[in-house]
Each structure stands twice: as C-alpha cells, then as structure tokens.
Visitor: 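The structure's right below; bear with me while I get my questions together.
So that the names make sense, note that chain A is the first sequence line, chain B the second, and so on, each numbered from 1. FYI, side chains are in, hydrogens and waters are out, and symmetry mates aren't considered; it's all heavy atoms of this structure.
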Amino acid sequence: MSGKKEDFVPIIPGQAGMYVCGITAYDVCHLGHARSAVVFDIIKRYLRYRGFKVTHVRNITDIDDKIINRAQKEGVSYDVVAKKYTEEYYRDMEMLGVSRADIEPNATDHIKEMIDTIKGLIDKGYAYPVGGDVYFEVSKFPDYGKLSKKNVDDLMAGARVEVDERKRSPLDFALWKSSKEGEPWWESPWGKGRPGWHIECTAMSSKYLGESFDIHGGGADLIFPHHENEIAQSEALTGKQFVTYWMHNGFITVDKEKMSKSLGNFFTIKEILEKYEPEVVRYFLLTSHYRSPIEFSDVQLTESELSIDRYYSTVTRIKDFLETAGAADKPGAYAELEKILSSFKDKFHHAMNDDFNTASALGFIFELIREVNKYLDSKPSGQKAKDVILKTRELLAEAGGVLNIFNKTPEEWYRSLMKVKKLDLSEEALLRRIADRQEARVQKDWAKADAIRKELEEKGVLLEDKKDGTRWKVKAG
RNA sequence: GGCGGCGUACCCAAGUGGCAAGGGGGAGGUCUGCAAAACCUUUAUCCAGCGGUUCGAAUCCGCUCGCCGCCUCCA
C-alpha cells in the first residue's frame, strides 16, 4: 500500500493468509498467467520454508461476460467453457511445478455469500440498486484510489463515454448485473442476475481468510480497477483494513510491449512447452525480480536452458565423485568451498527475504556451483572431502526445493530434453553407438571414434569421455 | 492529460551510500588421443545524460532524454 518494501508482520504471528487472483476461465493461459502463478507459488513456498503457516486461496472466475460470449459462440453452456479452461489451467500449472492452493473457490459456488455482501453494502448506504442491477457508489468511499494512487477527480476527467446512464457516477461499478435473455442467472433480491466481477474476491476472501488478511496478490494490471474496487467494497462493509500487503507481479513483454490477449502478441503455455522443457520456463521466470517486466524471447529461454544444464552437469560430477571417491585422505584445498558453504544459507535467505529476490538467489546458487566444480577439479579424496561435497549437495537441494527447480536427476533432465527436442535417436540406439565408439577407442581408432561422436552430435547428443567411461548428454541451447 | 515504473558490459540480469553478484557470449590458457565438461585469466575506472547533497552515489534529490505500464477487459 505504501508502494515501498516493508517488513512482513502478519496479523497472527507465525501465520500468513494469502489471496491471489487466479484466472477467468474463458481461454487457454499464456505465459503471463504462468508468471503470476509461479511468482506466488514461490512466495508461498518460501514463507512455508521459513516456518509460516500459510493459507493460500486462489479463485477461479467461472462466470463473466467473456465466458458467456465464448459459450454463445460455441453453442454450449457457460459452465462447459469454464470447466474446460479451468482444467486446462490446472494442467498447465502442474507442468510448471505450481502447487495447488489450499482453497480454490469458484465464483458460482459463492453466489449466496456475494448476495449477502451486496445486501450489507446496500444497508450501509454504499450501494444502490437500479432496475435489476446494483452499483457501488464510489463517492461514498473517501479512500477510493488509495492503492492505485489515483484521485477521483482525475478519474472523472478521464472517464470514457458512459453507456449506462442509470449510474450515479461513471466511476460506480456493478456489484450485481441483471441477466439478459439467454444468459445464465441466479435468483437475488434484485431479480435474476449474476455477480459483478469484483465482488467475488471480497466475498470469498473474507469467507476463507477473514475480513482482514495479510497478502493479496495478482498481476499488476489488476491494481486498477479490480483491486481498488475490492478495497472499496471490503472496507466499506467492514470498516477494517482489508489487506496489509499488496503484491503485484510485472508483465511479460514481447518487443517491450505487454503480452496480452488484446494485442494478440501472446504465447500460450502449451505452445512454449512444445519447444522448451517446463523447468526451463519456470527458471526463466525466476531470472528477473517478480515486479520487473521480463522480455520473452527464444534467446532468454535458451540461456535458461544452458544455465540449468550447467547445474545438472555439476550434479553429475558430484554424484560421480561420491560414488568413486577414494579413501586416501587427501581433502585438498577445501577452505574456500567451506567458506561459501557456511555463508550460503544466509545469502540465500537474505536474497529471498528482500522481497523474494529470486534472481539474486540464483546468483548465489551458481556461485556455489562454481566453487564446488573448482574443488572437484582438485581431485580430492577421503572422508573429509566427501563430507564437504555432501554438504554442498544438501544445500543445493534445499535451495532448489524452495524454488521448486533443480529437483530432477540429471538422467531425468536429459531424458526430458530428449523428448522436448524430439531427438531422432532412442536411448538404446545411443548406448549402442557409445559402446561401438568405446571399442574403437580401445583400438585407438580415433578416426572412427571421432566420427561416431560427430554423428551423435549432429543428432543432438554430446559425449564426454571420463576416466571410467563415456557420459552422454543432450545438447542444450 | 493524470498517476506509476524502468534505463547497469556484446546479450540477459542482481545490486540494501563505502572496492559493480550471477548466467550466456567473445578472447587467451590448464586439462584431454582430439574434444566436451570443468577451472583460471580477460571482456563496465563505471551504472541514459546533466547538475546537486555527501568524506564517499549505480544507489538519495532535481532537471533533461528515451522506453514501458495503468487510467477500458486483462496475470
């Protein structure tokens, strides 16, 4: 609300109530929807990791003009459309490692709560019915505009031509809309109709999180009017502060412009997952701070893929080391690595405590990656060396766990890459060629060995000769 | 027009007034049958520009330029 970073002080110590605006289920989701979901998934995971008991509510708007339009176009009932795209949404989110919210309410399951809320607002004089509609009277709520930092006069000056002359002011917004012929409807004290968009969040958040709660999130485009209107409705009704912390994620851009339905410059999650591994997409979304705009491009996705590959290459080295390390007590120069290890958690927490700075947190992860590689290059052995490496693995897993990335085995990562890159090569055929090449290498037939390596590289597989055999990986990037 | 944000190397990107993280790329090197991976060195005397505050500013203030967003449905 202050527009600045603030320390998190929950209403109930140790707990956090978080409401995040989900989607309107009228079409498939694009990357922008994914960003919002991933960002708040991380926020929830981190708060839990730090010991907060988080109640996460994420709504689905399943009744609205766009849904009705789509249903009419397709000649089906509105709930068929809503159900279809809700399912698509959950499928996309699961791919991206977004966990389910604790409560995922649909608007249409809360018509009664909404009607009660609207009745309350009318009783208190903040809303008025006209015909079958009910509007919220903005002029009755003096704080209107406090979140978006707009003032009512400016809004009035900029108001577009108003079609509905029954409204007392162009700024007044609908709490309840009477239904037109052929539209879905619910019975209400004002006749047959359906709820306005903003009221569901007020009714459902108070039902599940109380009249006042800690965090309310969503995309930056929801600040006005959606969240402003929620504040007006909620605080008018209860007289209490609605939300302590408002958090809004920035946009995905394409050629610097906001990715959006209306501009038509969007990429659906499904399209992107045709070309990129889901973890790549999630990682990409974490490489910038959540409030900054992030430019969507193949170059950036490819770099993300390379970064992840670097991570898994190191995991492979760690695994190889732990399996083959000798007993000879030669711990080598571990001081530097130990230094990084001992400060890693603090740095990671510090980054995440600072408004969930995932980009900075990733930086620390790669700093640790470099140090452990350096240490492994020194060819250490013995128990001390193993302990240090085990500690490294544990810390990497912990950080990756919070961000819900880096949690595959390298084998899973390469198989997944193989699939998404549609390699014209089965794992069996690949292993056969590696065996062929090994034979050639034993014969010191370097020409043949190199030819096989080249052949596989052209198919998208890279070979790395190690002391005890050859490793393969799918060429990233 | 009102309100808000952004501008850091070849690209992406973090940066809480005190020697400019991290990733990708480039150049050189170590290792290797040759590679790859990994590591090392190097690639911003400087953070859009100009002023100001300060012992000290990418970080605070002012102005200028450029880009973007919200003000209408929108993650």
Side-chain angles (χ1 to χ4, degrees), chain A residues 3 5 20-24 26 29-40 64-66 145 148-151 153-155 157-161 197 217-226 228 248-253 256-263 266 283-284 287-289 291-295 297 299-300 302-311 313-314 316-317 347 350-351 353-355 357-378 441 444-447 449-450 453-454 457 462-467 470-473 475 477:
Chain A
K5 286 188 248 188
V20 182
C21 289
I23 54 152
T24 298
Y26 78 105
C29 292
H30 64 241
L31 194 59
H33 300 99
R35 185 177 195 188
S36 178
V38 167
V39 161
F40 289 100
D64 141 289
D65 289 347
K66 292 193 290 292
S148 54
K149 299 184 174 53
K150 297 178 186 305
N151 71 64
D153 292 340
D154 290 340
L155 286 169
R160 312 288 165 102
V161 180
W197 175 34
D221 44 5
L222 296 180
I223 295 171
F224 190 91
H226 184 53
E228 200 66 71
H248 294 99
N249 62 278
F251 302 128
I252 307 272
T253 58
K256 295 270 175 94
E257 278 186 317
K258 178 187 174 187
M259 180 184 285
S260 73
K261 265 325 221 311
S262 41
L263 285 171
F266 60 91
Y283 179 92
F284 164 70
T287 56
S288 291
H289 187 265
R291 279 186 282 106
S292 306
I294 181 168
E295 172 79 7
S297 75
V299 173
Q300 292 317 309
T302 301
E303 285 188 6
S304 293
E305 188 173 291
L306 287 167
S307 296
I308 297 172
D309 197 63
R310 175 168 161 78
Y311 182 94
S313 293
T314 304
T316 301
R317 288 193 78 187
K347 288 182 183 168
H350 189 259
N353 287 346
D354 186 12
D355 200 17
N357 195 333
T358 52
S360 175
L362 290 173
F364 294 129
I365 289 177
F366 280 98
E367 188 180 66
L368 179 51
I369 289 287
R370 190 186 59 233
E371 281 309 321
V372 71
N373 271 316
K374 194 165 151 185
Y375 180 59
L376 289 171
D377 273 359
S378 75
R441 291 185 71 217
K444 296 209 188 305
D445 184 352
W446 306 123
D450 290 353
R453 186 167 65 198
K454 190 144 187 272
E457 182 174 349
L462 295 179
L463 299 187
E464 295 176 7
D465 295 328
K466 305 275 175 160
K467 281 239 154 30
T470 298
R471 281 206 170 269
W472 64 272
K473 57 199 260 183
K475 193 175 173 181

Visitor: In whole Å, measure the gap between the P atoms of B:rA36 and B:rC70 for me.
Guide: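 After rounding to an integer number of Å, I get 47 Å for this pair.
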Visitor: B:rC6, OP1 or OP2 - any side-chain N/O from A:Thr253 closer than 4.0 Å?
Guide: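 Negative; the distance criterion is not met.
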Visitor: Could you tell me the Watson-Crick or G-U partner of B:rG1, where both distances fall under 3.5 Å? Say none if there is no partner.
Guide: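 Pairing partner: B:rC71.
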Visitor: How would you label the contact of A:His350 with the nucleic acid (heavy atoms, under 4.0 Å): base, sugar-phosphate, or nothing?
Guide: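 It contacts base atoms.
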Visitor: Any idea which of B:rG25, B:rC40, B:rA75 is nearest the A:Lys374 side chain?
Guide: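 Selected nucleotide (nearest to the side chain): B:rC40.
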Visitor: Compare the minimum distances between each of B:rA37, B:rC71, B:rC73 and the side chain of A:Phe224, then state the nucleotide with the smallest one.
Guide: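 Between B:rA37, B:rC71, B:rC73, the one nearest the side chain of A:Phe224 would be B:rC71.
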Visitor: For the pair made of CD in A:Glu371 and C1' in B:rC39, what is the distance, rounded to whole Å?
Guide: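 Atom-to-atom, A:Glu371 to B:rC39, this comes out as 10 Å.
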Visitor: Going by purine N1 to pyrimidine N3 plus the second Watson-Crick contact, or the G-U wobble pair, all under 3.5 Å, which nucleotide sits opposite B:rG28?
Guide: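 Partner of B:rG28: B:rC40.
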Visitor: Write down the distance separating the C1' atoms in B:rC19 and B:rU45, rounded off to the nearest Å.
Guide: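 11 Å, rounded to whole Å.
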Visitor: Under 4.0 Å, heavy atoms only, any strand: does A:Gln300 hit a base, just the sugar-phosphate, or nothing?
Guide: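 Contact class for A:Gln300: sugar-phosphate only.
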Visitor: Among B:rC3, B:rG2, B:rC73, which is the nearest nucleotide to the side chain of A:Asp154?
Guide: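 Nearest listed nucleotide: B:rG2.
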Visitor: From the set B:rC40, B:rA75, B:rC67, return the single nucleotide nearest to any side-chain atom of A:Lys256.
Guide: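 So the nucleotide nearest the side chain must be B:rC67.
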Visitor: According to the Watson-Crick and G-U wobble definitions, with both distances under 3.5 Å, which nucleotide is paired to B:rC60?
Guide: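 B:rG52 - that is the nucleotide pairing with B:rC60, both distances being under 3.5 Å.
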Visitor: Rounded to whole angstrom units, what separation is found between the CD1 atom of A:Ile223 and the P atom of B:rC70?
Guide: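 It works out to 10 Å between those atoms.
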Visitor: A:Asp354 has an atom CG; how far is it from atom P of B:rG15, in whole Å?
Guide: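 From A:Asp354 CG to B:rG15 P: 7 Å.
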Visitor: Find the distance A:Tyr375:OH to B:rA38:C1' and express it as a whole number of Å.
Guide: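 Result: 16 Å.
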Visitor: How do A:Pro293 and A:Ala447 order along RNA chain B: which one's closest nucleotide is nearer the 5' end?
Guide: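 In this pair, the answer is A:Pro293.
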Visitor: Kindly point out which of B:rC40, B:rG33, B:rC71 is positioned nearest to the side chain of A:Arg370?
Guide: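 Of B:rC40, B:rG33, B:rC71, B:rC40 is nearest to the side chain of A:Arg370.
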Visitor: Scan A:Lys150 against the nucleic acid and name what it touches under 4.0 Å (heavy atoms): base, sugar-phosphate only, or nothing.
Guide: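 Contact class for A:Lys150: base.
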Visitor: Any side-chain heavy atom of A:Glu464 within less than 4.5 Å of one from A:Trp472?
Guide: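 With C-beta onward as the side chain, the pair stays apart.
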Visitor: Quick one: which of B:rC71, B:rG24, B:rC3 gets closest to the side chain of A:Lys149?
Guide: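 Per side-chain heavy atoms of A:Lys149, the pick is B:rC3.
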Visitor: Between A:Asn373 (side chain only) and A:Ile369 (backbone N and O only), is there a donor and an acceptor less than 3.5 Å apart?
Guide: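 At least one qualifying donor-acceptor pair exists.
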Visitor: Counting only distance, no hydrogens or angles, is the base of B:rG23 paired donor-acceptor with the side chain of A:Glu303 under 3.5 Å?
Guide: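 By the distance-only test, yes, there is a pair.
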Visitor: Roughly how many Å apart are B:rC47 and B:rG7, using the C1' atom of each and rounding to a whole number?
Guide: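 The same atom, C1', in both gives a distance of 10 Å.
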Visitor: Can you tell me if A:Arg310 touches the phosphate of B:rC39, counting only side-chain N or O atoms and a distance under 4.0 Å to OP1 or OP2?
Guide: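 Answer is yes, contact under 4.0 Å.
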Visitor: Remember a base hit wins even if backbone is also touched, and classify A:His289 as base, sugar-phosphate or nothing at under 4.0 Å, heavy atoms.
Guide: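 Sugar-phosphate only.
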Visitor: Within this structure, what is the CD-to-P distance between A:Glu295 and B:rC11, rounded to whole angstrom?
Guide: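 Rounded to the whole Å, the gap is 14 Å.
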Visitor: What distance, rounded to whole Å, do you find between the two C1' atoms, one in B:rC10 and one in B:rU53?
Guide: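 Pairwise C1' distance, B:rC10 against B:rU53, rounds to 35 Å.
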Visitor: Between the side chains of A:Lys473 and A:Ser313, is a donor N or O closer than 3.5 angstrom to an acceptor N or O?
Guide: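 A pair is found: one side chain offers a donor N or O, the other an acceptor, under 3.5 Å apart.
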Visitor: Do any side-chain nitrogens or oxygens of A:Asn357 fall under 4.0 Å of OP1 or OP2 in B:rG15?
Guide: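 Yes, A:Asn357 has a side-chain N/O under 4.0 Å of OP1/OP2 on B:rG15.
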Visitor: Between A:Arg453 and B:rA36, is there a contact of a side-chain N or O with OP1 or OP2 at under 4.0 Å?
Guide: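 Indeed not, no polar side-chain atom of A:Arg453 lies that close.
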Visitor: How far does the C1' atom of B:rG23 sit from the matching atom of B:rA9, given to the nearest Å?
Guide: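 Looking at atom C1' only, B:rG23 and B:rA9 are 13 Å apart.
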Visitor: Would you call A:Phe364 stacked on B:rG22, i.e. ring centres under 5.5 Å apart with the planes less than 30° off parallel?
Guide: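 Here the ring of A:Phe364 and the base of B:rG22 are not stacked, as the 5.5 Å and 30° limits are not both satisfied.
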Visitor: Could you check whether A:Leu463 gets within reach of a base, just the sugar-phosphate, or nothing at all, counting any heavy atom under 4.0 Å?
Guide: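 Base contact.
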Visitor: Is a salt bridge present between A:Asp377 and A:Lys374, judged by a nitrogen-to-oxygen distance below 4.0 Å?
Guide: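 Not counted as a salt bridge, because no side-chain N and carboxylate O are separated by less than 4.0 Å.
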Visitor: When the P atoms of B:rG22 and B:rC39 are compared, how many Å lie between them, rounded to an integer?
Guide: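 Result for the P pair: 12 Å, nearest Å.
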Visitor: Is there a side-chain contact between A:Asn373 and the phosphate of B:rC39, meaning an N or O under 4.0 Å from OP1 or OP2?
Guide: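 Yes.
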Visitor: Quick check: on RNA chain B, is the nucleotide nearest A:Gly363 upstream (toward 5') of the one nearest A:Trp446, or the reverse? Name the residue that is more 5'.
Guide: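 Per heavy-atom nearest nucleotide, the more 5' residue is A:Gly363.
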Visitor: With side chains defined as the heavy atoms from C-beta onward, is the minimum distance between A:Cys29 and A:Ile23 less than 4.5 Å?
Guide: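 When only atoms from C-beta onward are counted, A:Ile23 and A:Cys29 do touch, with a gap below 4.5 Å.
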Visitor: Answer with base, sugar-phosphate or nothing: what part of the nucleic acid does A:Phe251 contact at a heavy-atom distance below 4.0 Å?
Guide: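 Base, at least one base heavy atom under 4.0 Å.
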Visitor: Nearest whole angstrom, please: distance from the P of B:rA37 to the OH of A:Tyr311.
Guide: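 After rounding, the gap between these two atoms is 20 Å.
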Visitor: Return the pairing partner of B:rG7 with a 3.5 Å limit on both distances, Watson-Crick or G-U wobble; otherwise return none.
Guide: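 Pairing partner, where one exists within any strand: B:rC65.
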Visitor: Both distances under 3.5 Å, Watson-Crick or G-U wobble: report the partner of B:rA20, or none.
Guide: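 Its partner: none found.
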Visitor: In plain terms, say whether A:Glu367 and A:Lys347 are close enough for a salt bridge, that is, a side-chain N and a carboxylate O under 4.0 Å apart.
Guide: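 Yes, charged N to carboxylate O under 4.0 Å.
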Visitor: Suppose we call a contact any N or O donor and acceptor under 3.5 Å apart; does that hold for the side chain of A:Asp450 and the base of B:rG33?
Guide: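 Answer is yes: a donor-acceptor pair is held.
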Visitor: Take the protein atom CZ of A:Arg471 and the nucleotide atom P of B:rA38, then report the distance between them rounded to whole Å.
Guide: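 Those two atoms, CZ and P, are 14 Å apart.
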Visitor: For A:Ile365, answer base if it contacts any base atom (sugar-phosphate contacts may also be present), sugar-phosphate if it contacts only those atoms, and nothing otherwise; contact means non-hydrogen atoms under 4.0 Å.
Guide: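 Nothing, no nucleic acid heavy atom in range.
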Visitor: The test is side chain to side chain contact (heavy atoms under 4.5 Å, CB included); show your working for A:Asp355 and A:Arg291 and say whether it passes.
Guide: CA-CA 9 Å; A:Asp355 200 17; A:Arg291 279 186 282 106; 2.7 Å; yes
Visitor: Between the base of B:rC34 and the side chain of A:Asp465, is one N or O donor paired with an acceptor at under 3.5 angstrom?
Guide: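 By the distance-only test, yes, there is a pair.
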Visitor: Rounded to the nearest Å, what distance is computed from the NZ atom of residue A:Lys467 to the P atom of nucleotide B:rA38?
Guide: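 Between P of B:rA38 and NZ of A:Lys467: 17 Å.
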Visitor: Under 4.0 Å, counting only non-hydrogen atoms across every strand here, what does A:Gly3 touch: a base, just sugar-phosphate, or nothing?
Guide: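 Counting heavy atoms under 4.0 Å across all strands, no contact is made by A:Gly3.
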Visitor: Looking only at atom P, what distance separates B:rC60 and B:rG69, rounded to whole Å?
Guide: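 That atom pair is separated by 24 Å.
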Visitor: Are more than 12 heavy atoms, taken from residues, nucleotides or ligands other than A:Lys466, located less than 6.0 Å from that residue's NZ atom?
Guide: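 More than 12 within 6.0 Å, yes.
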Visitor: Are there over 12 heavy-atom neighbours, none belonging to A:Lys475, within less than 6.0 Å of that residue's NZ?
Guide: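 At most 12 heavy atoms, drawn from other residues, nucleotides or ligands, come within 6.0 Å of this atom.
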Visitor: Only counting residues at least two apart or in another chain, list the ones meeting salt bridge (charged side-chain N to carboxylate O under 4.0 Å, His left out) with A:Arg370.
Guide: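 Partners of A:Arg370 by the salt bridge (charged side-chain N to carboxylate O under 4.0 Å, His left out) criterion come out as none, since no residue qualifies.
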Visitor: What nucleic acid atoms does A:Ser292 come within less than 4.0 Å of, heavy atoms only: base, sugar-phosphate, or nothing?
Guide: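 The answer is sugar-phosphate, as A:Ser292 gets under 4.0 Å only of primed atoms, P, OP1 or OP2.
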Visitor: In whole Å, measure the gap between the C1' atoms of B:rG5 and B:rG18 for me.
Guide: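 Rounded to whole Å, the distance is 28 Å.
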Visitor: Output yes when at least one side-chain N/O atom of A:Lys258 is less than 4.0 Å from OP1 or OP2 of B:rC70, else no.
Guide: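 It does, given that an N or O in the side chain of A:Lys258 lies less than 4.0 Å from OP1 or OP2 of B:rC70.
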